[in-house]
There are 2 protein chains.
Amino acid sequence: MESTPPTLSRKAQIDQTATALFRRRGYAATSMRELAAALGIEAGSIYSHIRSKEELLHRICFRVADEFMAGLRAATADDLAPAAVHLRLAIDSHVRVLIRDTDASAVFLHEWRHLSEPALSEFVQLQRGYEAAFRDMIARGVADGALRTPDPAFATLTLFASLTWLPNWYRPDGKLNPDQIAERLTDQLLGGLATDYNPTT
Amino acid sequence: MESTPPTLSRKAQIDQTATALFRRRGYAATSMRELAAALGIEAGSIYSHIRSKEELLHRICFRVADEFMAGLRAATADDLAPAAVHLRLAIDSHVRVLIRDTDASAVFLHEWRHLSEPALSEFVQLQRGYEAAFRDMIARGVADGALRTPDPAFATLTLFASLTWLPNWYRPDGKLNPDQIAERLTDQLLGGLATDYNPTT
DNA sequence: ATTGTTTGCTAACGAACGTTAGGAACCAGT
DNA sequence: ACTGGTTCCTAACGTTCGTTAGCAAACAAT
């Protein structure tokens, strides 16, 4: 059972509503009074649960960052697996986070720059490490012949471009369910790179 | 010669500085006092040249939209050319706009949602038409056998994803000059689609 | 019964916001 | 010399911002 109330705790509700608003209108353009109205309470009441507006953004960004990082660790846990397998699992994990938590992912991707120091630097560092891991996987895949691309660095950019674009077009009520989307996107992105690639379909 | 002063007109300077600020900090998070400070004047002075803050955003967004549209028209001017050629020229033109005017392009891509009606609807309509044109070119290219992709709609998404991502990584002081970037990006994006493609290099 | 936690209110603070009014300096063309 | 346009200033307007203080109701645990 739970020690917390049966539904979402108020703080969790605030996080959720703030995430949706930050995504739709942008962090800077969302006022605390707007957030309060969406929750059906007054602006001042929010501060019984949080310390500041930026704390909301901070929690969203770093929670999503944690999910991405955990997925990456799980995908590369098997040291003996080839780089191309690591890459496939990592892309798949990344897509699943994007789909499971589209609003928070969109905030993570576009609103992080409104963090202030020192959180901003910490976030950027996490981001760089994450991207570097993908670049390494692709480079190792090319080195061992499993992947083929005229320009690994550029391939990494294209990969992240496609991943980052997903929240812009994904609709939960679309024809494909999340698993199918993740599978298809992974297949498509890897299909363009692999020298010999057979999708699981 | 020119009837305007030798350097940029003040209004053009304001546009330029606003573009850079809107890009770096976001439209909503950029204050008129910040903009004024960057120009070395007082906030009130700006209103001798413009009517409102949103007018700045409006001008940036619709000017870039015009450039994209003009490029698309030029690329598809030759009715007799095959769809794959139209597509190549259109991608090339798009990339050149992105590179020539990176700041304005980034504002166009990310800040347009802060436009208010009716400009917002007008902008969205332009955007949809532009994307539809690319989708059609890809679909026709697939139909006539010049292009190959398991999912034309998804290919269009990936294409726009890569294009939209460019301002995020492009640096004018990089190794490649604008022409080389445009050529390489066009080659790479089309290379993944074409059934038989020989880059111009 | 009491205590502590959660939740929310009203009222207001100082700061920052976009914007305007009114005036002044400068400069080009007549 | 005069005129009209461009440019910028100071001062302030009304509004909205994030946030705080102080208080109160509801409820769970002891």
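Just so it is clear, the structure is predicted and the values come from calculations on it, not from any experiment. Lettering follows sequence order; numbering is per chain, from 1.
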**OP:** Starting from the 5' end of DNA chain C, give me the residue, B:Lys53 or A:Gly44, whose nearest nucleotide shows up first.
**Re:** A:Gly44
Subject >> Interatomic distance, A:Arg51 CZ vs D:dT20 P [rounded to whole Å] >> reply: 11 Å
Subject >> Whole-Å distance separating the NE2 atom of A:His114 from the C1' atom of D:dG18 >> reply: 15 Å
**OP:** Would you please indicate if the ring centroids of A:Phe123 and A:Phe108 are separated by under 6.0 Å?
**Re:** yes
**OP:** Select from A:Tyr47 and B:Lys11 the residue whose nearest nucleotide in DNA chain D is closer to the 5' end of that strand.
**Re:** B:Lys11
Original post:
Between C:dT6 and A:His49, is there an OP1 or OP2 to side-chain N/O distance shorter than 4.0 Å?
Top reply: no
Original post:
What is the distance from CZ of B:Arg33 to P of D:dA11, rounded to the nearest Å?
Top reply: 14 Å
Original post:
Around B:Glu117, counting heavy atoms of other residues, nucleotides and ligands shown, do more than 12 lie under 6.0 Å from its CD?
Top reply: yes
Original post:
Roughly, in whole Å, what's the span from CD1 in B:Ile14 to P in D:dT7?
Top reply: 8 Å
Original post:
D:dT20 P sits how many Å from A:Glu42 CD, rounded?
Top reply: 17 Å
Original post:
Which part of the nucleic acid, if any, lies within reach of A:Ser48 when heavy atoms closer than 4.0 Å are counted: base, sugar-phosphate only, or nothing?
Top reply: base
**OP:** Measure the CD-CZ distance between A:Gln127 and A:Phe68 for me, rounded to the nearest 0.5 Å.
**Re:** 10.0 Å
Original post:
Once you round it to whole Å, what is the distance between C1' of C:dC17 and CE of A:Met32?
Top reply: 18 Å
Subject >> Distance, rounded to the nearest Å, where A:Leu35 contributes CG and D:dT16 contributes C1' >> reply: 16 Å
**OP:** Hey, can you tell me if A:Phe154 and B:Trp169 have their rings parallel, tilted or perpendicular (30° and 60° cut-offs)?
**Re:** perpendicular
Original post:
Taking CD1 from A:Ile50 and C1' from D:dT20, how many angstroms apart are they, rounded to a whole number?
Top reply: 13 Å
Original post:
Is the phosphate of D:dC17, meaning OP1 or OP2, less than 4.0 Å from a side-chain N or O of A:Ser31?
Top reply: yes
Subject >> A:Phe134 ring center within less than 6.0 Å of A:His86 ring center >> reply: no
Original post:
Can you check whether B:Ser45 has a side-chain N or O nearer than 4.0 Å to OP1 or OP2 of D:dT7?
Top reply: no
